[in-house]
Amino acid sequence: MKGTSIKKILILVTILAVPGFLYYLLTEKGKNRYKPLPIFGPKTVASTFHSVRGKKIPDTVYHQVSDFKLINQAGDTLSWKSYENKIIILNLFYSSDNPGTKLTNKLIKDFEKTYGKNTVLRFVSVSIDPKGDTKPVLSKYAEENHAKAGKWDLLSGDSTQVYNLINKQLFIDAFQKKENGKNIFVYNNLFVLLDPQHRIRGYYEATNQEALSKLDDEIKVLIVEELRNNTDGR
């Protein structure tokens, strides 16, 4: 009985220690000199304080992406509530004849192979053609690209909400214009890394291999950061 109790204690100590140890390895020993990820967007100084070595430091209020209601390929209405406690890798797309989307779809599938079993991570693709990318179109497109709702959501909906989310909340340039009588969609082909607090933690060019490697690294850093936060909050 005594041996069993000791084993249980050792297991508990290991569970509690691992997130902090991994965080230490990533921030201190990582080959890319890992540091806590930055938080992008506007920020303000709060009226509250926290203490560091006995010194009062003003708290900072960081930009958080506002809530939304958009529909995915399964016809489900999704909001931030749907992604509670999740890390999000987000990109923009449109389904009709888009070479940039073909690239990002392949990259997402590659990331899915690496992180598919990690339940804290979700992939979200937001259509910049909400009028064309209706639910039936998204459903067919998802089937063609093996995008499983709930793991990789293709979102569309009200154009005002879509462009508010993209331009004013994620700070990505995206718009449409007429060219030779056709609607042309112009946008930055980026991946955006969002933490469970809906804060922007990184932007990564989908056509830049160095940026994609950085994204892969920083996904790991953010996962460990969340593990560490959850452990500290116990």
Side-chain angles (χ1 to χ4, degrees), residues 65-170 172-179 181-196 198 200 203-207 212 215 219:
V65 176
S66 296
D67 204 4
F68 56 86
K69 285 187 177 180
L70 297 173
I71 295 173
N72 72 357
Q73 64 266 42
D76 301 321
T77 300
L78 303 184
S79 66
W80 275 130
K81 183 68 176 176
S82 312
Y83 300 107
E84 192 170 12
N85 300 320
K86 303 298 181 184
I87 293 170
I88 303 296
I89 300 173
L90 182 147
N91 73 295
L92 307 181
F93 83 106
Y94 61 95
S95 65
S96 60
D97 191 27
N98 181 3
T101 293
K102 292 177 182 178
L103 169 65
T104 52
N105 288 347
K106 180 184 180 301
L107 293 170
I108 290 171
K109 297 305 293 183
D110 290 342
F111 280 122
E112 275 196 316
K113 289 176 184 176
T114 303
Y115 299 100
K117 294 182 180 179
N118 194 311
T119 57
V120 77
L121 202 65
R122 293 282 190 88
F123 298 91
V124 173
S125 298
V126 180
S127 172
I128 60 172
D129 181 16
K131 290 183 179 179
D133 287 333
T134 59
K135 191 271 173 183
V137 172
L138 288 183
S139 180
K140 181 180 178 182
Y141 188 76
E143 186 176 348
E144 291 171 351
N145 289 279
H146 309 288
K148 185 179 179 181
K151 187 61 182 178
W152 176 10
D153 289 310
L154 311 178
L155 299 185
S156 187
D158 176 73
S159 59
T160 300
Q161 278 209 56
V162 166
Y163 279 96
N164 177 70
L165 172 63
I166 295 169
N167 295 323
K168 296 182 179 179
Q169 297 300 317
L170 296 169
I172 304 175
D173 290 329
F175 58 92
Q176 52 182 303
K177 63 178 183 178
K178 285 282 188 181
E179 190 172 289
K182 294 183 179 181
N183 281 327
I184 303 297
F185 297 95
V186 181
Y187 69 105
N188 291 329
N189 197 6
L190 301 168
F191 286 108
V192 185
L193 185 61
L194 297 158
D195 66 22
H198 319 147
I200 302 167
Y203 294 96
Y204 314 87
E205 287 282 353
T207 56
L212 293 172
L215 171 58
I219 290 169

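Small disclaimer: the values here were computed from a predicted structure and weren't measured. Below, each value reflects all heavy atoms present in this structure, side chains not excepted, and no hydrogens, waters or symmetry copies.
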Please confirm whether the backbone N or O of [Y] pairs with a side-chain atom of [X], one donor and one acceptor, at under 3.5 Å?
X      : Y      : value
Lys131 : Ser159 : no
Asn188 : Leu190 : no
Lys86  : Trp80  : no
Gln73  : Ala147 : yes

> Which is it for Leu78 and Ile71 under the side chain to side chain contact (heavy atoms under 4.5 Å, CB included) test, yes or no, and what are the steps along the way?
Replying inline: CA-CA 6 Å; Leu78 303 184; Ile71 295 173; over 6 Å; no
For the residue pair [X] and [Y], confirm or rule out a side-chain donor-acceptor distance under 3.5 Å.
X      : Y      : result
Tyr141 : Asp133 : no
Asn167 : Tyr187 : no
Ser66  : Gln169 : yes

> Does the side chain to side chain contact (heavy atoms under 4.5 Å, CB included) test come out yes or no for Tyr203 and Ile200, once each step is laid out?
Replying inline: CA-CA 8 Å; Tyr203 294 96; Ile200 302 167; 3.4 Å; yes
So how far is it from [X] [atom1] to [Y] [atom2], rounded to the nearest 0.5 Å?
X      : Y      : atom1 : atom2 : result
Thr101 : Lys106 : OG1   : NZ    : 15.0 Å
Leu194 : Arg122 : CG    : CZ    : 13.5 Å
Lys81  : Asp67  : NZ    : CG    : 10.5 Å
Thr104 : Leu92  : OG1   : CG    : 9.0 Å
Phe191 : Tyr204 : CZ    : OH    : 11.5 Å
Lys69  : Leu165 : NZ    : CG    : 15.0 Å

Please determine if Glu143 and Lys140 form a salt bridge, counting it only when a charged side-chain N lies under 4.0 Å from a carboxylate O.
no
Exactly one of Val124, Ile108, Asn72 clears side-chain contact (heavy atoms from CB on, under 4.5 Å) with Trp152, and that residue is Ile108
**Report entry** More than 12 heavy atoms from other groups under 6.0 Å of CD on Glu144
**Finding:**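 Enclosed.
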